Amino acid sequence: MSDSVVALFESLVGAEPPHDVPVLFDTACVMGGSIAGLLAARVLSDRARRVVIVEPDDLSAEAEPRSGVPQGHQVHTLLPAGRLWIERWLPGVSREAQARGASLVGPDKQFVGHDDIRQIPDGADHQFLAVGRPLLERLVRGRVTALPNVSVLRARATGLRYGDGSVIGVRFAGPGTGERAEGVLAADFVVDAMGRSSRLSNWLGLDGYDQPRLERLESPVNYATALFERRATFSELDVATVLQLFTPRYPSGGVSVAAATAVEAQQWLVMLMGYGDNRPGRTTDEFRARCSSLTTVLRDVTRGDVTREVVTYRQADSRRRHFTEAGRLPARLVSVGDAVASFNPVYGQGMSSAALHASCLASYLGSGPDLDAAATDFFRLQQVVVDAAWAVSAGGDAARIDAENGTEVPEEVRRQRRLIEHIVGAALIDADVSRAFNNVSYMLRHPSTLFDPELLEKAAAATEGAATEGATTEGATKT
Ligand SMILES: Cc1cc2nc3c(=O)[nH]c(=O)nc-3n(C[C@H](O)[C@H](O)[C@H](O)COP(=O)(O)OP(=O)(O)OC[C@H]3O[C@@H](n4cnc5c(N)ncnc54)[C@H](O)[C@@H]3O)c2cc1C
């Protein structure tokens, strides 16, 4: 990977809001009012006289899960890249979340375990936000809709209207039964942020444009998440997040990942995840029994009373849509967030990816684009972000699936996977390798930075040293 892609990725991560930039649009319309749509609306608020978010759900509730975001019951961690971006563009989200009892988690408050080994802290001061998903969305939405030129139209987008090869409006209907309001919102720029089940591709196909190719990696994940009271008396547990990864060798009863985050209202949000046919418990008793049989730290976080019963969620695949390959697309249309790429959620990349897509939009609009041509330059920028996230999550899943099935893979892929395994192993015991690895996992740096020869040498030295010293080193401790 060239240095320029690494630098481009970092410039997207670090982008600042512009000042006094020219207005490009009269009305920009964002279809979908979840995290990706809200962040795109924030960017467009600098560039349009008015921004209208079209969203069918009632958004007036304080911080409740809603039907358009069924994953909202599950654990949602905001990685450092997404958190820092949101803080720059919508200041105060972390502080307000903390004031409501969510946790800003630095390295001293994390517990990362691989089977029975606790990963060495990386010494960096990156913080992620452990918060219930509905509250996070509420805080972001509050800031975006408080902007004087942003409003919400409660309706379902049902299609697009075109003129001279450009999108010129959004058809809408809704919102509820009995209210058959239908109409067209005239818009001179449109963003699809309708999530994983966005129908934009179908609309484009029916309207005579190219449908972006859909790539899927089947990797079913089963989540089960419950909320437990976080009692002050359990103060011996001095962490705010727990991430426990289990290899197939570990007797975990089919649980591959367990996580717990200290969220608002003095609660632990606890999640168990299994691949394929492995479904973590459905009842609280099953859930607690499973946690107790795994590790002490998981038993401790599930000791309090249940404040919300187990809610399950299954996702069949990771998927991405290749807009850069579509030859014929209308001008003044882009797509962001899960509508473009949605990954194995256990890597926690979705909301940070959405922030980086918004960053791509800001960069594209700031580059003086030809707005009467398809937004190919936007999709090329976005591809850098999607490729990076896909390499980590779908790359990891493909390696696991190939290993399970004994699939032969090309020598180059085998070599890269061996290097990554090496880095992951060394990250358990070497703070420098751990930091480099975390920077990529947190989406702060491009994954190709892991193939830096100096880092690989360090990783090799660390794992060789550990092998001669014995299984456990000073840094990695038994849980
Ligand atoms: C189980 C699970 C756990 C996850 N955990 C994490 C995590 O820890 N960290 C993280 O960063 N990400 C996580 N994610 C991913 C995260 O949920 C998404 O990436 C994030 O919500 C951004 O998605 P989005 O805004 O693109 O789409 P969504 O959040 O899915 O929202 C789509 C929006 O579009 C609206 N909509 C749908 N159809 C229409 C229409 N026709 N017209 C108008 N609006 C429409 C919906 O009502 C909704 O508001 C997780 C996902 C899952 C499934």
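For ligands, and for the atoms within them, numbers begin at 1 and follow the listed sequence. Note that the structure is predicted; figures quoted are calculated from it, not measured.
- In this structure, R133 has a heavy atom closer than 4.0 Å to ligand 1.
- Atom 49 (O) of ligand 1 has its closest protein heavy atom at E55 OE1, 2.6 Å.
- Nearest protein heavy-atom contact of atom 41 (N) of ligand 1 is A157 O, 3.0 Å.
- One N or O on the side chain of Q211 and one on the backbone of S201 form a donor-acceptor pair closer than 3.5 Å.
- The ligand atoms of ligand 1 that sit less than 4.0 angstrom from a heavy atom of A36 are 24 (P), 25 (O), 26 (O).
- D57 and S67 are linked by a side-chain donor-acceptor pair at a separation below 3.5 angstrom, with hydrogens and angles left out of the test.
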>> Before you tell me yes or no, could you show the steps for T307 and R230 under side-chain hydrogen bond (donor to acceptor under 3.5 Å, both in side chains), namely the whole-Å CA-CA distance, both residues' side-chain angles and the distance that decides it to 0.1 Å?
In response: CA-CA 10 Å; T307 52; R230 183 159 41 105; over 6 Å; no
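- Atom CZ of R143 is surrounded by more than 12 heavy atoms from other residues, nucleotides or ligands within 6.0 Å.
- Of the N or O atoms in R66, one or more lie within a sub-3.5 Å distance of an N or O in ligand 1.
- Using 4.0 Å as the threshold, Q315 has a heavy atom nearer than that to some atom of ligand 1.
- Within the 3.5 Å criterion, the main-chain N or O of G337 finds a donor-acceptor partner in the side chain of H357.
- From the protein, the heavy atom lying nearest to atom 16 (C) of ligand 1 is H76 NE2, 3.4 Å.
- Counting only non-hydrogen atoms, the option in M194, R154, M443 that gets closest to atom 39 (C) of ligand 1 is M194.
- Listed by number with element, the atoms of ligand 1 under 4.0 angstrom from any heavy atom of T77 are 7 (C), 8 (O), 9 (N), 10 (C), 11 (O).
- Using cut-offs of 30° and 60° on the angle between ring planes, the pair H446 and F9 is perpendicular.
- Numbered from 1 in the order shown, with element, the atoms of ligand 1 that lie under 4.0 Å from a heavy atom of M351 read 9 (N), 10 (C), 11 (O), 12 (N), 19 (O), 20 (C).
- When each atom of ligand 1 is checked for a heavy atom of A193 under 4.0 Å away, the hits are 32 (C), 33 (C), 34 (O).
- Atom numbering of ligand 1 starts at 1 in the shown order; those under 4.0 Å from a heavy atom of G32 are 34 (O), 35 (C), 43 (C), 44 (N).
- Considering backbone and side-chain atoms alike, G348 places an N or O below 3.5 Å from some N or O of ligand 1.
- Looking only at heavy atoms of the protein, atom 5 (N) of ligand 1 is closest to V75 O, 3.2 Å.
- Taking a 4.0 Å cut-off on heavy atoms, E137 fails to register as neighbouring ligand 1.
- The backbone N or O of T241 lies less than 3.5 Å from no partner atom in the side chain of Q110, so there is not a single donor-acceptor pair.
- Of the protein's non-hydrogen atoms, the one nearest atom 22 (C) of ligand 1 is D338 OD1, 3.9 Å.
- Under a 4.0 Å criterion applied to the non-hydrogen atoms of V54, ligand 1 contributes the atoms 43 (C), 44 (N).
- In this structure, F323 and F379 have parallel ring planes: the angle between them is below the 30° cut-off, well short of the 60° mark.
- The contact set between ligand 1 and Y313, taken as ligand atoms under 4.0 Å from a residue heavy atom, comprises 1 (C), 53 (C).
- Q71 NE2, 3.4 Å is the protein heavy atom nearest to atom 30 (O) of ligand 1.
- More than 12 heavy-atom neighbours from other residues, nucleotides or ligands sit within 6.0 angstrom of CZ on R196.
- Applying the 6.0 Å contact sphere to CG of D277 captures no more than 12 heavy atoms from other residues, nucleotides or ligands.
- At the shortest separation from atom 27 (O) of ligand 1 among protein heavy atoms lies G195 CA, 3.5 Å.
- Between H126 and Y442, the ring planes lie perpendicular to each other; the angle is over 60°, past the 30° to 60° tilted range.
- For the pair R328 and Y209, the cation sits on the ring face: its NZ or CZ lies under 6.0 Å from the ring centre, inside 45° of the axis.
- Both tests hold for R400 against Y275: distance to the six-membered ring centre under 6.0 Å, angle to the ring axis within 45°.
- Here the heavy atom of the protein found nearest to atom 28 (P) of ligand 1 is S34 OG, 3.6 Å.
- For ligand 1, the atoms lying closer than 4.0 Å to a non-hydrogen atom of P56 are 43 (C), 44 (N), 45 (C).
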